[in-house]
Amino acid sequence: MSHDAIESFWREERRYPPPPAFAAQANVRDPAVYDEAARDPEAFWAAEARGLEWMTPFTRGLEWDPPFARWFSDGRLNATVSCLDRHVAAGRGGKVAYVWEGEPGDVRVLTYRELLAEVCRCAHALRRLGVAKGDRVTLYMGQVPEAVVAMLACARLGAAHSVVFGGFSPDALRERIRDSQSRVVVTCDGGWRRGQVVPLKANVDAALAGETPVERVLVVRRVGDAAGAVLEPGRDVWWHEALQGAPEAFPPEPMASEDLLFLLYTSGTTGKPKGIVHSTAGYLVGVASTFRWVFDAKPEDVYWCTADVGWVTGHSYVVYGPLANGATSLLYEGAPDWPRRDRFWDLVARHRATILYTAPTAIRTFMRWGEALPAAHDLSSLRLLGSVGEPINPEAWVWYHRHIGGGRCPVVDTWWQTETGAIVIAPLPGLTECRPGSAARPLPGYAAEVVDEEGRPAAAGAGGFLVLTRPWPSMLRGIHGDPERYRTTYWARFPGKYFAGDGCRRDADGHYWLLGRVDDIMLVAGHNISTMEVESALVDHPEVAESAVVGRTDAVKGQAIAAFVTLKGGVEPTPERAEALRRHVAHKLGAIARPDAVYFTAELPKTRSGKIMRRLLRDIAEGRALGDTTTLADPAVVRELRERYEHA
Ligand code: WT7
């Protein structure tokens, strides 16, 4: 598509009016909504749920048999009707659902009408491959429109999808296929990443070698010959052939509210992956409502959530949330530094994106690349910025606000988890005050607390454990095949309360400051110090790009602080610099937080979703054998660190 074509296309696009359900629902621009929701949360959520399309309206609200919740259980619906059919039926079929850009620069536009037709054709194809209501289907794909189509096609016919991020290894894929007992896999021949082909189909072949529950594989031709994919006769079939001639209508399967919509395996920073179970109605209520409150997308908005559909952020805020609201999304296949490090800003500028939702790890990378790159592009279309995935350090928040948002866009920091399904703690932009580094307060309808070791409310300003004290519609319904692990992981630490696993501090004004996973809190000479605070202090130093801090066993202090530091381009790692950084932290946080050791490294070990794997850094700092590294994005990073610091 030429620049002019994109331009006139967006002019057209801005004519479509908002969905009526969207316009008619409770107005969260009024601060009274917090109190109203708190007075009767069930009535509040029921009103939200009525904004979906129901085949059989529900009469029941919450049924709570702790720790097992059911919401709207006597209702029937199909998620795709709220996401697709209702918009087409209301005359908005011509509105764009996705503008997709491939890494090589190819562009595809899918309207709501076209998306619905594709979903129906894919549902027919899946049914012919033997997929039936109640089955699980594993998706192992790149960030292509067919990934969204396949997810919705599963939902259309009543099967659950289990999306496995396309960066995972064959072993990780095999384990997830086995746990979900999928009989069908949907994949691509390959995907584009930094100009290279990711061998998705070959990875599937490796994952299916030996004993497997998988009988059929549906393969999207994304890359073509360069992928070198080989189809196994009788098992594998090309997507374009399977969908050829399939009808563009497929009756939506009526599902009970509590029927499984999808399984999603958590990233495994802490060990064996868990298959998180999400229900149909509650999940959809959660993501549809929170998308509307937090992003408040208007018909003219062009919303871009940069997450891959392989993560929960992709499920909730690339697929179900935006679609339920009839929004227009950008979808991008590739890397932010391809062909140059300004690819994101080029995308924002050309498509006139108005809302950008991305992760702190990406923001810090952009900081490292310098503000000249965004400054060279017209980012004036942006009106709202979002952050998700980790605590955002105030330095990155301010940089994002200033250099990407031009100082005029609110930054909404959104705290939530795969398990919560939807955003839980975040400001309502324009209504709730945003403070750099704080996710503000729980959204209407949620109840959170910060508690101490004994489960008593922590004093204002004191650190503690974040818990959610009331069930919410999009909460996980369990861990696939392991109800006991569900109970012990989330509900046993503080009986009757959902334990999120995160440390948190609530200030006197009720703002929540997330402190990272509690496994990441260090106990240094009797003081609780969060790795996040020390990291934030380090990144505050003008020469530091990124840092990860861990505690290591210390005979005297219990734990001592080890800091892994990435310096900005051109800055040399020297012993003097290490000393200066130690002093800098002591100056900012007090002598107790002074790191005992500073290790310089070109990169930090991260999972493929961008989370720093502190567990591995702890292993390195302790001189232990490394734990499971299968979820690492780049194993070479750890090897190098190891070699350098083995004897430090
Ligand atoms: C964990 C959940 C939720 C989508 C992506 C991650 C951390 C997430 C924030 C935030 C502080 C955050 C927490 C949480 N986290 N967002 N805005 N501020 N921490 O999903 O892989 O299930 O990870 O990510 O530690 O528990 P996930």
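Heavy atoms only: backbone and side chains are in, while hydrogens, waters and symmetry mates are out. Counting convention: from 1, in listed order, for ligands and their atoms alike.
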At a 4.0 Å threshold, what atoms of ligand 1 neighbour a non-hydrogen atom of Val388? 3 (C), 4 (C), 16 (N)
Have Asp502 and Trp415 got a donor and an acceptor in their side chains that come within less than 3.5 Å? yes
Using a 4.0 Å heavy-atom cut-off, say whether Gln417 meets ligand 1 through its side chain, its backbone, both or neither. both
Do the side-chain N and O atoms of Tyr357 and Thr313 include a donor-acceptor pair separated by under 3.5 angstrom? no
Counting each atom of ligand 1 from 1 as listed, which ones have a heavy atom of Leu514 under 4.0 Å away? 11 (C)
What atoms of ligand 1 come closer than 4.0 angstrom to any heavy atom of Thr414? 9 (C), 10 (C), 16 (N), 17 (N)
Pick, from Trp416, Trp415, Trp513, the option with the minimum heavy-atom distance to atom 2 (C) of ligand 1. Trp416
Could you tell me if the ring centre of Trp338 sits under 6.0 Å from that of Tyr332? no
Would you say Asp502 touches ligand 1, if touching means a heavy atom closer than 4.0 Å? yes
Check: His315 ring centre within less than 6.0 Å of Trp311 ring centre: no
Below a 4.0 angstrom heavy-atom separation, can you tell me which part of Thr418, side chain or backbone, both or neither, approaches ligand 1? both
List ligand 1 atoms under 4.0 Å from Val312, heavy atoms only on the residue side. 4 (C)
Does the gap between the ring centers of Phe44 and Trp293 come in under 6.0 Å? yes
Short N or O distance, Ser387 and ligand 1, threshold 3.5 Å exclusive: no
Would Gly389 count as a contact residue for ligand 1, given that I'm defining contact as a non-hydrogen atom of the residue lying under 4.0 Å from a ligand atom? yes
Ignoring hydrogens and geometry beyond distance, is a side-chain donor-acceptor pair present between Tyr400 and Thr358 at under 3.5 Å? no
Can you pull out every salt bridge (charged side-chain N to carboxylate O under 4.0 Å, His left out) where at least one residue sits in residues 404-425? Sequence neighbours excluded, please. none
What atoms of ligand 1 come within less than 4.0 Å of a heavy atom belonging to Thr313? 4 (C), 5 (C)
For residues 436-449, pull every pair meeting side chain to side chain donor-acceptor pair (under 3.5 Å), keeping only residues two or more places apart or in separate chains. Glu449-Lys497
